[in-house]
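No hydrogens, no waters, no symmetry mates; every other heavy atom, side chains included, goes into these values.
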Amino acid sequence: MPYESSSPPPTPAELGPGTDLALLAPQLAQFAAVARLEHVTRAAQLLGMPQPTLSRSVARLEAELGVQLLARQGRTVRLTRAGRMLLGSVERALAELERGAEAARAEADPAVGRVAFGFLHTMGSDAVPALLRGFRTGHPQVRFQLVQDYVAAMLERLRAGELDLCLVSPLPDAADLTARPLDEQRLHLAVPADHRLAGRRRIRLAEVAEEPFVAVEEGYGLRVITDGFCAEAGFVPRIAFEGEEAETLRGLVAAGLGVALLPPALVPRPGVVELEVTSPRTRRAIGLAWVTGRPLTPPVAAFRDFVLSRRGRLLDHD
């Protein structure tokens, strides 16, 4: 439920074995049933419990609060002033609980549930829309919360339960996470159109060991991969500029500010030439990750299985 900016959100109730809430919560719905029907026997029938048990429950509630909530009149009861005050709060709380339960059930509904899906920035323009389009053909009402972020941040949110599934590269190697490879993507060396190597089709990465590089920031999967390939080629890249998205880096390359290892551009960028790297083999593995052992709701499990079924077909191969 949204709150107006002038109204602060409610303070969470204190929880613990000796708190009022822990002691009273099991009895509040029973009290509300008696108060609504003004009859203990009918309330017991509604709740499916023995009438003496219900009577004792309401009596314990009154004893714990130290006030009389119901005035007995034969087989019927009526609310006291204190009972009416409590009933109003109980009814609001029960209504909120019912809304929360409905929302939780809807979250797991295989037809209309929700999937929180994280993915790399470089997957957002082509691969992810194609996945969603294919999945929605058979699951048209499933809702998605889409999150683009760098790998370390996505895995943190995955562990925290904020995300259900992540499309990542490189694949995590952690006992608490399950990762399944889906595809490989070739990384090209992007150079300015007037670069000394721009007329070539293929190069060895070591040939640009002295060149300035533009790269994504530390913590991004593509940065880890770039540093790793440069290490294989025998050098540490001299990073001149850092960015967050591949298209930003292409713009920096076009401006002559450096070279970059990048996934193939969907649309050729003016002023940029992409070269195939023959050594090392500059390919990155892309896969799907989720928390090991954490139960998946039906819509999440269905989407996971659909994505895994696309293994080898996630990307357009070059």
Side-chain angles (χ1 to χ4, degrees), residues 107 113-136 139 142-174 177-188 190 214-228 239 241-253 260-267 269 272 283-291 294 296-297 299-308 310-311 313-316 318:
E107 188 85 351
R114 184 183 69 107
V115 178
F117 182 42
F119 53 92
L120 303 165
H121 289 279
T122 52
M123 298 286 102
S125 59
D126 186 44
V128 168
L131 279 176
L132 298 178
R133 181 175 62 247
F135 180 73
R136 289 294 291 275
H139 303 78
V142 170
R143 297 167 292 118
F144 280 84
Q145 176 191 352
L146 302 177
V147 175
Q148 291 176 275
D149 214 332
Y150 62 97
V151 172
M154 282 198 296
L155 295 182
E156 183 178 340
R157 297 177 71 171
L158 187 65
R159 289 183 169 103
E162 297 175 23
L163 294 176
D164 299 311
L165 304 166
C166 288
L167 197 63
V168 295
S169 179
L171 275 63
D173 182 14
L177 299 176
T178 299
R180 294 287 182 267
L182 293 171
D183 218 330
E184 282 192 339
Q185 184 178 51
R186 179 178 297 165
L187 301 180
H188 292 158
V214 297
V216 290
E217 299 172 358
E218 291 187 3
Y220 283 63
L222 186 56
R223 175 63 175 272
V224 174
I225 292 169
T226 295
D227 290 347
I239 307 298
F241 294 92
E242 294 180 327
E244 294 184 350
E245 296 185 352
E247 288 310 307
T248 299
L249 299 185
R250 281 195 177 85
L252 296 174
V253 171
L261 273 176
L262 295 172
L266 294 177
V267 178
R269 177 70 179 256
V272 177
R283 288 180 175 268
R284 65 171 179 171
I286 297 172
L288 189 69
W290 60 91
V291 174
R294 179 180 293 167
L296 302 180
T297 64
V300 172
F303 184 62
R304 179 199 60 184
D305 294 345
F306 174 80
V307 175
L308 295 179
R310 305 294 298 175
R311 183 174 182 177
R313 296 176 290 147
L314 179 68
L315 305 170
D316 290 329
D318 43 15

The single option from L187, L120, V151 passing side chain to side chain contact (heavy atoms under 4.5 Å, CB included) against L222: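 Of all the options given, the one that passes is L187.
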Passing option when L262 is tested against T122, V272, L249 for side chain to side chain contact (heavy atoms under 4.5 Å, CB included):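 Result: among T122, V272, L249, L249 is the only option passing the side chain to side chain contact (heavy atoms under 4.5 Å, CB included) with L262.
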Check [X] against [Y] and note the closest heavy-atom contact, atom names and distance.
{"X": "A215", "Y": "R223", "value": "CB-CD, 4.1 Å"}
{"X": "I225", "Y": "S169", "value": "CD1-OG, 3.4 Å"}
{"X": "L163", "Y": "R294", "value": "O-NH1, 4.3 Å"}
{"X": "F119", "Y": "M154", "value": "N-SD, 3.1 Å"}

Whether Y220 and H121 hold their rings parallel, tilted or perpendicular, with breakpoints at 30° and 60°: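 Parallel: the ring planes of Y220 and H121 meet at under 30°.
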Approximate separation, where rounding is to 0.5 Å, of R283 CZ and Q185 CD: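 Reported value, rounded in 0.5 Å steps: 9.5 Å.
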Give a yes or no on whether a salt bridge exists between R159 and E156, defined as a side-chain N under 4.0 angstrom from a carboxylate O.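 Not counted as a salt bridge, because no side-chain N and carboxylate O are separated by less than 4.0 Å.
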More than 12 non-hydrogen atoms from neighbouring residues, nucleotides or ligands closer than 6.0 Å to CD on Q145, yes or no?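 Yes, the 6.0 Å shell around CD holds more than 12 heavy atoms from other groups.
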May I ask you to decide if A116's main-chain N or O and D164's side chain share a donor-acceptor pair within less than 3.5 Å?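 Checking the backbone N and O of A116 against the side chain of D164, a donor-acceptor pair under 3.5 Å is found.
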Whether D183 side chain and L315 backbone form a donor-acceptor pair below 3.5 Å: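 Yes, D183 side chain to L315 backbone: donor-acceptor pair under 3.5 Å.
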Would F144 and R136 count as a side-chain contact (heavy atoms from CB on, under 4.5 Å) here? Give the steps. CA-CA 10 Å; F144 280 84; R136 289 294 291 275; 4.2 Å; yes
Working note: Q148 + E244, criterion side-chain contact (heavy atoms from CB on, under 4.5 Å); need CA distance, chi angles, decisive distance, verdict. CA-CA 11 Å; Q148 291 176 275; E244 294 184 350; over 6 Å; no
